[in-house]
Structure formats: C-alpha cells, structure tokens
Amino acid sequence: MIKIKDWRSYISSIREKDKDINSFLEFADDTSAGTGLISGETLLSRETLLSRVPFGVKDNIAVTGMRLTCGSKMLENFVSPYDATAVAKLKAAGAVPAGKTNLDEFGMGSSTDNSALAVTNNPWDLSRVCGGSSGGSAAAVAAGLVPFALGTDTGGSVRQPASFCGVYGLKPTYGVVSRFGLVAYASSLEVCGIIADTVETTREVFNIIKGKDGNDQTSVEHLPASPEAESIAVLSGELGLSSEVMAGYQKAVDGFKASGYGIIEVELPMLEYGIAAYYTIAMAEASANLARYNGVRYGHRSASAEGFDDLVRKSRDEGFGDEVKLRILLGTYVLRSGFQDQYYTRAQKIRTAVRNEFDKVFGRADLMMMPTFPTAAFRHGNSGLDQFQQKLADKFTVAANLAGIPALSIPVSVENGLPVGMQLMAPVFAEERLFAAADKLALQLPPAVCPGKMEGF
Amino acid sequence: MEQDDLIITAAQAQLELSAEEEGRLAAAVTEMLDYFSKMSEVDVDNLAPTTHALVTDNALRTDTPNQNNNQKELVDRAPDNENNFIVIPNVL
C-alpha cells in the first residue's frame, strides 16, 4: 500500500488529478484539523501496517474538524465535533484521512448525481456516473487518489459504485462495523463498508474497523465463520442484464469453475419483492431519522422564517433536495396510522421471507454470486436511468441488506471500456470466505487498472 | 396518492412544498406507492416481522455517570446562539 512521505505534495497532486473527476468535496488541508493530521510529527514516528497510508471518507461519516455535508445543502457548513468509530480505529492504526468524498444526498441514490454540492465523474469515462451513493469514494480509489475509502451501504451504496468504477466494495455483516459517527439514514439496514483497489487492502481495513462498540448498541462482535468454500449458488433463469454485464457474469462463472468451485443453480423467489420491501423500510426509517433536521440545533436555517413552525418547515424545504423529500414523504405516508399493516409491517415480514430463502441457499451452497447491478455505469442526465429505474435496478444489492449478510463486489471484467462487477454473498460473519474466493478469482480474472490511474507519489 | 393525502403527509413530515414541488413530487410518490402494492401478492400469514437482521438480546449497559466537556462546541453549531443558549424565533 502507498505510504506518503511528503503530504503537501501528495494532497496537491491528488487535488490536481481530481479536477476532472471531482470525487472529493474537501481535502485534508482545506481545514485546520485536516492540516494538523497531515503535518503531525506522529505521522513519521511509528511504523505500522497502515502508518502514513491515506484514505478517503464518504462525507456522511464523521472526521473531527472536517465538514460532514452528506452532500446536502442542509449540512453544507456543518463541521463534525468527533470521529466515527471506524475513522478513529483507522487513525489509531496510523492511516490518515486525505479528505471527504462526494455522495448522493444523505446516501439516497445510485449515481452520486443526487449530491447538492458537486457532480462526480466516472474515471473510466467522464461522461458517465460513478455510481452511488458512495460514488466519490469509488471514483477516488479507481483513479488511484487513495488506496481505500470508507463508504456506507444501505441498499448497495458501497457495492454498486465499486462495480461502476472497477474496484472492490465490501458490505460487511450488519452490526459488525460500528455505525457510530455515520449520519443515520435507514438504521436497520445500513453498515459502514470499504472500497479498495485490492482484496488484501479490503481485508486489512475490515480487520481494523470491525468489532463491538459501546457507542453503537446494535454493533456485534465479529465471530469469524469458516473461510472454506466449495460451492457457489447462482440464480437460475433470466436475470435481465445488459449485454456487458451478461458477458462479465459468464466470465465470473467460468472463472469460479476454473478455480475449483462447484456452481449450483438456485431460486430466490422473494428477490422479486425485495425492492418494494427494502424501499418501504428504508423510507420509513429515513422519515424518522431525518426529522432531526429542523434548523434549530445545527444545519441550514431559513432566513425568511416567521415563527418557530415556519422556521422548521422552511428550513427543511430549502435544505433538502427532491429525492430526500420524496423519501421522507413516502416514509411518513407508510407509517401513518391505518397504513402500517399494508406497508411497513408487511415489508418487515417479507424481509423475514428473504432471510429464510438465504438460509436455504446457504444450506446448499457456501457462497452465492449475483451481478452487482444490471448495467455498467450509465451516463449523466436524462439519457441514463431515471430515478425510478435506478431503484428497480437495486434488485440484486438490497437483498444482502434485508438479510444482514456480507457481500463483496468484485471487478471481473471490462466490457466496451466499462468495468463490470459481480457480488459474492456469504452467511453472516463469513467475510473471510468472500476474501478467499475473491483472491482465487483474481488469479483467473486479474482486475483491470483504470486508464490514467495515479501510481506512486 | 390523492392531492389531499399529499398535503396531509407533507404537513406531518414538516415539509413545506411549493405548488410546483407538489406537482413534481406527486407523480413520483404515486409511482412508488403503486410499486409498493406489489407486496400484497406475498402470503405473509406465518411470518414474523424482522426489525433488525442480527437481533440477539436487548442491549443493556450499566447506567454510569459520565462527563462530557463539549457543550460549548455543540451549542456553537446552532445557526444562532447567545450566552450558551440556542436562539429561535419567538414562539408566543
């Protein structure tokens, strides 16, 4: 992994390289706290695995003294008073935050184009999106600005941009990485994840940030499951993939076969209902979690408000973008009295059905493979996928969030100049099984390097 | 979603929507709700709801007093504050 000696020249070279990509919203030396991090004498005084290794932090994860915008006008000027647990653990291990990366507003989207603050381009093709919502993190890693970055994954937000940018993206088992310091969107689904350019880096970072945390009552100790695996389940029938993703899919199946894995075809009938259940739960939780932004204690406050109620409503109207408002409205609606059984409770029961189906699959196979997303990176703007189509395309990723299981998006091929990723899923706590399988596949299908990737500083 | 329902929901969500926003969001809200109705096809009679994927026991800890000395830092983040209080427009 890259170790930085001259931090000022490093930051200025990634700042220059990032002009076309726009993956960062803020660099370390934009703030006095960040400048302190990169000029501290402690940087050079001890040698650890991650000492002097820079990393990116999605801007909905807290770093002391740096901004925490969530890609929203609501928090555009908010500076975090503390570190997220994952960030604190990485700092303690010697790694250094290089800056904060762009995202869809509050993590809501699949392109990063829902950011109210910047447009991030895919380093493989600047006319295309980098995926989302952890798009800035994925683009920064693909372009070689940082060897790894933290993201958050509520319904695919680490894996999908990793797939669009040709890098690895790990969504750990729910609760295994503390959510303390993550800005809450859908608390029962989301987890802090890792985007990195190698399996080895993903594994090392995971081993540092995992573990129970007293500041997150839903966090759990990691109880490693067996890394051994002989069989991989795949979905039978038509998957509805673009020709690029289909080509990558076939290569991955062949690559796993050549690595010695048996391929077993299975069915997951509940996958068809996963999207509806996922968005019902995510929006319901979002409506509650985002109620805290009322213009009083922090965040945007409307300048034109008359009276308290007016201040709350105007601040929220001015501070939130369309997609956030849409999700708050739908979440509020499905939780209204009289509608709960029809929507929220039913979605939670379907969630149980999804978990039951995965239990059955993992009774027959050690791992499961699915495409990460049905298409490669789409174009910015109206010629790409619209917001509704993007939601339907989350079909393969949301399942792991509903079931709480770990999943790793692996770059398997480049088709027509665009990277394609496949996600491997495993039973809870079996992250090591994902890493071992990804290592084996990399011998068959070595990950392609993004053209123009920065190497060495 | 009917217009009336949208207005009630927006009020509950403390969102003030302009007429133009109402028009823009109403179609997207209705599109999603129609899609959610797909869930009615699933037989959920014998299924318990899942609230968290990995619920073990209730998470309890000892209630021990603790000192936090970041009060000023937090109050300073309010858009308007005075003498260690957060200022809001008159309520009465």
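The environment of B:Glu22 atom CD is dense: over 12 non-hydrogen atoms of other residues, nucleotides or ligands sit within 6.0 angstrom. For CD of B:Gln71, the number of neighbouring non-hydrogen atoms (other residues, nucleotides, ligands) closer than 6.0 Å is 12 at most. Counting non-hydrogen atoms of other residues, nucleotides and ligands closer than 6.0 Å to NZ of B:Lys38 gives a total above 12. In this structure, A:Phe78 places its CZ atom where more than 12 heavy-atom neighbours from other residues, nucleotides or ligands lie under 6.0 Å away.
Here the side chain of B:Arg77 pairs a donor or acceptor atom with the backbone of A:Val79 at under 3.5 angstrom. Judged purely by atom type and a 3.5 angstrom limit, A:Arg351 uses its side chain to pair as donor or acceptor with the backbone of B:Thr51. Between the A:Arg316 side chain and the B:Ala13 main chain, a donor and an acceptor come within less than 3.5 Å of each other.
A salt bridge links B:Glu21 with A:Lys325: the closest approach of a Lys/Arg side-chain nitrogen to an acidic carboxylate oxygen falls below 4.0 angstrom. A salt bridge does not link B:Asp45 to A:Lys349: none of the charged nitrogens lies less than 4.0 Å from a carboxylate oxygen.
Of all non-hydrogen atoms in A:Gly404 and B:Ala53, the two that sit nearest each other are CA-CB, 3.4 Å.
Note: B:Leu15 CG to A:Leu326 CG = 10.5 Å, rounded to the nearest 0.5 Å. Distance CE/B:Met32 to OH/A:Tyr279: 6.5 Å, rounded to 0.5 Å. Taken from OH in A:Tyr343 to OG in B:Ser37, the straight-line distance is 7.0 Å, to the nearest 0.5 Å.
Highest contact tally toward chain B, considering only A:Arg313, A:Arg336, A:Gln217, is held by A:Arg336 [criterion: heavy-atom pairs under 4.5 Å]. The candidate with the highest count of non-hydrogen atom pairs below 4.5 Å against chain B, out of A:Val296, A:Ile328, A:Ile281, A:Leu311, is A:Val296. Ranked by non-hydrogen atom pairs under 4.5 Å with chain B, the options A:Phe388, A:Phe308, A:Tyr174 are led by A:Phe388. Of the listed residues (A:Met270, A:Arg327, A:Gln342, A:Glu272), the one with the most heavy-atom contacts under 4.5 Å to chain B is A:Glu272. The residue among A:Tyr298, A:Phe320, A:Tyr333 with the most heavy atom pairs within less than 4.5 Å of chain B is A:Tyr333. Between chain B and the residues A:Leu189, A:Thr345, A:Thr173, A:Val312, the largest count of heavy-atom pairs under 4.5 Å involves A:Val312.
The only member of B:Leu25, B:Val29, B:Thr9 that meets side-chain contact (heavy atoms from CB on, under 4.5 Å) when paired with A:Leu330 is B:Val29. Put simply, the residue from B:Thr50, B:Val42, B:Leu47 that forms a side-chain contact (heavy atoms from CB on, under 4.5 Å) with A:Ile350 is B:Val42.
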